[in-house]
Amino acid sequence: MRKGFRAVLLSLILLLFVDSFASVLYVGARTLVEDAVRSSTTNVAATAAALLRLSGRKALEDLVRDGVADEVFLVDGADRILYSSDPAVAVGRKREVLLTDRAEMEEARKNGRAAGYPFRGGERYLQRSYVSLDEEGTLLGVSAPVPVFSELDRLERIYWIWLVLSAALALGIAWLYFRALRMIERERERAEQGRRYETISRMAATVAHEIRNPLNIISATIELRRKRMKRGGDAENSRREEEEVLADLAEEVARLEGVVRDFLDLTREMQLVFSQVDVNSVVEEVVAGLRKRMKIGHLPRCSIELNLKREAGEMEGDERRLFQMLSNLIING
């Protein structure tokens with residue numbers, strides 16, 4: 001999973017790097033083109049100014065007729081129109097459209113020339129540039145077509161389409177990754193559920209085995225009691241035997257309850273109840289139960305001999321678990 005996350009993260013970083021590189025290229029290319037166009041249009045304005053000095057206003061009209069310029073005009077120091085190749089432009093008045101070029105016009109009066117920003121005139125792009133003609137602030141303005149900006153428009157559309165597609169691709173990668181994570185998580189849950197069922201099956205078999213032992217002992221105890229009742233005997237012995245039977249039955253019922261409790265606690269970690277246990281007592285108790293089962297035929301007839309060391313003493317452990325372990329070991333043996 002970590003490798004998958006790293007691969008997705010690396011893909012997103014690579015995509016971000018490509019987007020950043022494309023953005024730098026686009027902005028850099030646009031800046032270079034704008035600078036080149038600005039320089040070109042100011043050169044056209046300077047050429048028009050030189051032609052004006054040599055041939056007068058007719059040369060300006062020739063520039064418009066030849067398509068070099070869309071409009072050529074003159075403004076005085078107060079920004080009033082002195083001349084325009086466009087007959088629709090009123091002479092002697094300020095022109096509102098030139099208010100957007102106030103900064104460029106002042107720069108031209110100060111530095112000799114300046115160019116404004118491209119603008120759309122109908123279906124094409126135009127750019128106005130200015131050249132200072134005298135110290136009174138008279139300017140020659142040229143509005144020249146700049147078709148390269150139409151190409152820049154197409155480039156800009158391609159750039160934004162690329163950004164949108166890359167963003168969609170990044171979202172798609174992230175969506176596929178998290179969808180794969182969900183599928184992996186579902187498969188893991190199924191596998192965990194399968195393991196749980198397998199564990200429960202094994203535990204069920206173990207519980208059945210553990211329940212069978214106390215049940216057999218209970219059955220053996222009841223059978224022995226029936227045989228003794230048939231034989232008869234004095235009341236004192238009968239009472240004592242009755243107490244022993246009840247004690248044995250209660251003990252085996254308690255063991256059954258413990259087994260059932262363990263089965264119900266499958267989802268929790270096994271809890272051991274530690275105490276000081278007399279080892280010999282546990283062994284004797286196990287053997288006594290097995291002997292009862294052998295008497296009534298629940299186990300093969302065999303002999304069990306005990307050779308216990310009385311000095312064995314006590315040990316720390318779970319008495320009920322020790323009883324189960326020893327009983328299973330002897331029966332399986």
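A quick note: this is a predicted structure, and the numbers were derived from the prediction, not measured. Because only heavy atoms are used, hydrogens play no part in the values below, and waters and symmetry mates are left out as well, while side chains stay in. Residue numbers count from 1 along this sequence.
The hydrophobic cluster containing V64 does not contain Y125, counting ILVMFWY residues as joined when their side-chain heavy atoms lie under 4.5 angstrom apart, directly or transitively. Note on L329 and L306: same hydrophobic cluster, where clusters join Ile, Leu, Val, Met, Phe, Trp and Tyr whose side-chain heavy atoms are under 4.5 Å apart, directly or indirectly. Cluster membership check: L74 does not share its hydrophobic cluster with Y130, using side-chain heavy-atom separations under 4.5 Å among Ile, Leu, Val, Met, Phe, Trp and Tyr. V148 and F119 fall into different hydrophobic clusters, where Ile, Leu, Val, Met, Phe, Trp and Tyr residues are linked whenever their side-chain heavy atoms come under 4.5 Å apart, directly or through other members.
Residues V72 and R57 have side chains not in contact (no heavy-atom distance under 4.5 Å, counting atoms from C-beta outward). The shortest distance between side-chain heavy atoms of E316 and Q276 falls below 4.5 Å. Taking the side chain as every heavy atom from C-beta outward, E106 and R109 approach each other to under 4.5 Å. The side-chain heavy atoms of V277 and V279, taken from C-beta on, include no pair separated by under 4.5 Å. Between V286 and F323 there is a side-chain heavy-atom pair separated by less than 4.5 Å.
If you run side-chain contact (heavy atoms from CB on, under 4.5 Å) between T138 and each of L82, V131, V75, only L82 comes through.
The structure places CD1 of I81 at 5.0 Å from CG of L98, a figure rounded to the nearest 0.5 Å. One finds the CD1 atom of I184 at 9.0 Å from the CD atom of E187 (value rounded to the nearest 0.5 Å). Atom CG of L126 is separated from atom OG1 of T41 by 11.0 Å, given to the nearest 0.5 angstrom. One distance of note links CG of L63 with CG of D70; it measures 12.0 Å at 0.5 Å rounding. Here CZ of R113 is found 13.0 Å from CG of L139. Values are rounded to the nearest 0.5 Å. To the nearest 0.5 angstrom, S129 atom OG is 11.0 Å from E104 atom CD.
Under 4.0 Å is where a charged nitrogen must lie from a carboxylate oxygen, and between K110 and E107 no such pair does.
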**OP:** Assess whether salt bridge (Lys or Arg N to Asp or Glu O under 4.0 Å) is satisfied between K58 and E61, documenting all intermediate values.
**Re:** CA-CA 5 Å; K58 184 179 180 303; E61 296 173 356; over 6 Å; no

**OP:** Before giving the answer on salt bridge (Lys or Arg N to Asp or Glu O under 4.0 Å), spell out for E185 and R182 the whole-Å C-alpha distance, their side-chain angles and the decisive distance to 0.1 Å.
**Re:** CA-CA 5 Å; E185 189 64 26; R182 286 195 297 270; over 6 Å; no

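Of all non-hydrogen atoms in V142 and A69, the two that sit nearest each other are CG1-CB, 3.7 Å. What you find for G67 and P145 is that their closest heavy atoms are O-CG, 4.1 Å. The two residues R38 and D35 have their closest heavy-atom pair at NH1-OD1, 3.2 Å. Across every non-hydrogen atom of L60 and Y83, the tightest pair is CD1-CE2, 3.9 Å. Nearest approach of E71 to S84, heavy atoms of both residues: OE2-OG, 2.7 Å. Contact record, A115 with Q127: CB-NE2, 4.5 Å, taken as the closest heavy-atom pair.
Panel note: side chain D101, backbone M105; no donor-acceptor pair is recorded below 3.5 Å. Using modelled atom types, no side-chain atom of R128 and backbone atom of G116 make a donor-acceptor pair closer than 3.5 Å. With hydrogens and angles ignored, the 3.5 Å screen pairs no side-chain donor or acceptor of D66 with any backbone N or O of V68. Proximity of a side-chain donor or acceptor of S55 to a complementary backbone N or O of L52 within less than 3.5 Å is not detected. The main-chain N or O of S39 is found under 3.5 Å from a side-chain atom of T42 such that the two form a donor-acceptor pair.
The 12-atom threshold is not exceeded at CD of E319, counting heavy atoms of other residues, nucleotides or ligands nearer than 6.0 Å. More than 12 non-hydrogen atoms from other residues, nucleotides or ligands lie less than 6.0 angstrom from CD of E192. The environment of CZ in R179 is sparse: at most 12 heavy-atom neighbours from other residues, nucleotides or ligands sit within 6.0 Å. R93 CZ: 12 or fewer foreign heavy atoms inside a 6.0 Å radius.
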